[in-house]
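In what follows, a structure is listed as structure tokens, so that the remarks can point back to it.
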Amino acid sequence: MSSPRSNKPKIVNGPGGYILQDVPHLIDYLPDLPTYPNPLQDNPAYSVVKQYFVDADDSVPEKVVVHKDGPRGIHFRRAGPRQKVYFESDEVHACIVTCGGLCPGLNTVIREIVSSLSYMYGVKRILGIDGGYRGFYAKNTIPLNSKVVNDIHKRGGTILGTSRGGHDTTKIVDSIQDRGINQVYIIGGDGSQRGASVIFEEIRRRGLKVAVVGIPKTIDNDIPVIDKSFGFDTAVEEAQRAINAAHVEAESNENGIGFVKLMGRYSGFIAMYATLASRDVDCCLIPESPFYLEGEGGLFEFVERRLKENGHMVIVLAEGAGQDLMCKSMESTLKDASGNKLLKDVGLWLSQSIKDYFNKNKMVMNLKYIDPTYMIRAVPSNASDNVYCTLLAQSAVHGAMAGYTGYTSGLVNGRQTYIPYYRITETQNNVVITDRMWARLLSSTNQPSFLGPKDIPEEKKELPETPLLDDGAVVCRYSSCD
Ligand SMILES: Nc1ncnc2c1ncn2[C@@H]1O[C@H](COP(=O)(O)OP(=O)(O)O)[C@@H](O)[C@H]1O
Ligand SMILES: O=P(O)(O)OC[C@H]1O[C@](O)(COP(=O)(O)O)[C@@H](O)[C@@H]1O
Ligand SMILES: [Mg+2]
């Protein structure tokens, strides 16, 4: 058996400051693996497509807006089918697992991995792992084929079940080895991708011919590098229904306040985009933007003013916002099974605080609190997310068949790419409140920023980097849609 190679990032430097942050390949530690012609070259659907196979030297820039004299910068390997594959169809034994919280589109990704493996590559052995990482060693597997997954994209949730915690690397890799699995597809968020990374390291350490592939899932859109997560559009769309209801309630009552809590543990993207999409929201509160309640420039003063001006208002709150405002005794030190901090219900607390303020000031006010959080993530994905999930799943499969491993399949500047795990797990994607997108939100709601110049760190006062195209471009990364 070949000895495992270094686990240092694979970086390729080229002229003009070109950097490729490459992903591992099975031949990095199994150099003598045989290759086979890609069966897609005989597939009537693809054989007519000019340049269907991706050139080995194709890569996708992380930043598409560059200064004319600037370096070419970081690139990722372009996803897609390769001329040669490292697995014969009969040899492949794939498995799929879904981990972490639900997100619209999970079933679509499962369906399309199964379809791609079976229809494009003639793979017959595909297993579903039941109930997240712990399912590898604690539960029975679910055999998957095109028939089983035929209409699952029309359902919310995941047919495989999911869970938090239970990541025991040794037991998981033992199970992969014992079952003879050689392609592992892990659909999950930042925690799951960290789990995928350690599974990959252990597989490489053992010198196994097993491709480990991550597919990024996060309703919070908190995974870095990628343009956006699948299911995010659906979540924003679904949030509109709650905001509409809040608006109807608010308008119909004297000094009505419709108060909607949305998900977003550390990143307020759903709240921000739902607010921008709706136009009915008067105030959007997200974890990235600190605010305060009492006194001049505070939330209470703003709410009172807006009610006096308009007679009603709508507030949207991301669940991670204002956690620091709740009294110390309410602060939670509890964690979920994956180690994520369990948040206190800031929505209930804040709506009660607003009620108390108006009671104290003897002003009539009718607040209706709506918490659609779990309803939003339980719906099936919409049409655009379905297409996105399909491309993501196909890219993931092409990469594994081509022998790439230890990567997350993701959309970067509108192109499918393979991203090394460390780029996905090293940071979190957050709303940049000194960026233009948040400024657009502030001008659309006309809410106070709750920040003075002294609250903005020096380095943030400079213009943020502009990672994407100008307005009107097809591609739009949610962290900075400029
Ligand atoms: N650092 C880590 N190493 C290994 N596994 C992890 C790590 N962090 C999380 N996991 C596992 O990944 C799975 C999903 O993580 P979680 O944070 O609940 O959801 P998400 O993947 O959506 O962020 C859980 O089974 C958890 O045990
Ligand atoms: O109640 P659960 O299942 O722990 O999920 C709640 C959390 O799941 C999320 O929707 C998404 O979190 P993950 O991406 O880690 O799954 C968070 O916004 C929310 O705090
Ligand atoms: Mg997470």
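The structure displayed is predicted, hence computed values, not measured ones. Just follow the structure's listing: the first ligand is 1, and inside any ligand the first atom is 1.
- Proximity of a side-chain donor or acceptor of D385 to a complementary backbone N or O of T234 within less than 3.5 Å is detected.
- Proximity to G189 (heavy-atom distance under 4.0 Å) selects the following atoms of ligand 1: 20 (P), 21 (O), 22 (O), 23 (O).
- No side-chain donor-acceptor contact under 3.5 Å links S289 to the backbone of I286.
- The aromatic rings of Y407 and Y418 are tilted relative to each other, their planes meeting at an angle between 30° and 60°.
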### Query
Checking salt bridge (Lys or Arg N to Asp or Glu O under 4.0 Å) for the pair D174/R206: CA distance, chi angles, key distance, verdict?
CA-CA 10 Å; D174 283 352; R206 295 189 194 185; 2.8 Å; yes
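- For ligand 1, the atoms sitting less than 4.0 Å from at least one non-hydrogen atom of Y133 are 11 (C), 12 (O), 13 (C), 25 (O), numbered in the order shown with element in parentheses.
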#### Entry: salt bridge (Lys or Arg N to Asp or Glu O under 4.0 Å) between R377 and E238, worked out
CA-CA 9 Å; R377 70 177 196 179; E238 195 62 19; over 6 Å; no
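- In K217, the part holding a heavy atom less than 4.0 Å from any atom of ligand 1 is the side chain.
- Side-chain rings of H398 and Y121 approach one another, their centers coming within less than 6.0 Å.
- D190 contributes OD1 as its N, O or S atom closest to the Mg ion (ligand 3).
- Atom 23 (O) of ligand 1 has D190 OD1, 2.6 Å as its closest protein atom, hydrogens excluded (heavy atom only).
- When only non-hydrogen protein atoms are considered, atom 7 (C) of ligand 1 lies nearest to G191 O, 3.6 Å.
- Residues satisfying the ring pair (Phe, Tyr, Trp, His ring centres under 6.0 Å) criterion with F300, sequence neighbours excluded, are Y357.
- Between Y133 and S163, the shortest heavy-atom contact is N-OG, 4.2 Å.
- Given atom 10 (O) of ligand 2, the protein heavy atom at minimum distance is M263 SD, 2.8 Å.
- Interface of G264 with ligand 2, defined as ligand atoms under 4.0 Å from a residue heavy atom, comprises 18 (O).
- Taking 4.0 Å as the cut-off, G191 does not count as a neighbour of ligand 2 on heavy-atom distance.
- Here the heavy atom of the protein found nearest to atom 1 (O) of ligand 2 is Y374 OH, 2.4 Å.
- Atom 3 (O) of ligand 2 has as its closest protein heavy atom R377 NH2, 2.8 Å.
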### Message
One pair to check against side-chain hydrogen bond (donor to acceptor under 3.5 Å, both in side chains): D220 and T218. What are the steps and the verdict?
### Response
CA-CA 5 Å; D220 293 350; T218 156; 5.1 Å; no
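- Summary of contacts: the protein heavy atom closest to atom 2 (C) of ligand 1 is R194 CB, 3.7 Å.
- Of the protein's non-hydrogen atoms, the one nearest atom 25 (O) of ligand 1 is G165 O, 2.6 Å.
- Counting only distance, with no hydrogens or angles, the side chain of N386 and the backbone of T108 share no donor-acceptor pair below 3.5 Å.
- The shortest contact between atom 18 (O) of ligand 1 and any protein heavy atom is with S338 OG, 2.5 Å.
- The ligand atoms of ligand 2 that sit less than 4.0 angstrom from a heavy atom of I219 are 10 (O).
- Looking at atom 14 (O) of ligand 2, its nearest protein heavy atom turns out to be K217 NZ, 3.6 Å.
- Of the listed residues (K10, R204, K209), just one forms a salt bridge (charged side-chain N to carboxylate O under 4.0 Å, His left out) with D28, and that residue is K10.
- Residue N340 touches ligand 1 through its side chain alone, judged by heavy-atom distances below 4.0 Å.
- The nearest heavy-atom contact from the protein to atom 21 (O) of ligand 1 is S192 OG, 2.4 Å.
- Distance from atom 11 (C) of ligand 2 to its nearest protein heavy atom, with residue and atom name: D220 OD2, 3.8 Å.
- Distances from atom 2 (P) of ligand 2 to the heavy atoms of R164, R265, K341 put R164 nearest.
- Only one option out of D233, N429, N221 pairs with K228 in a side-chain hydrogen bond (donor to acceptor under 3.5 Å, both in side chains); it is D233.
- At least one heavy atom of G101 sits closer than 4.0 Å to an atom of ligand 2.
- Looking at atom 20 (O) of ligand 2, its nearest protein heavy atom turns out to be E319 OE2, 2.8 Å.
- Among all heavy-atom pairs drawn from Q193 and T408, the shortest one is OE1-OG1, 2.9 Å.
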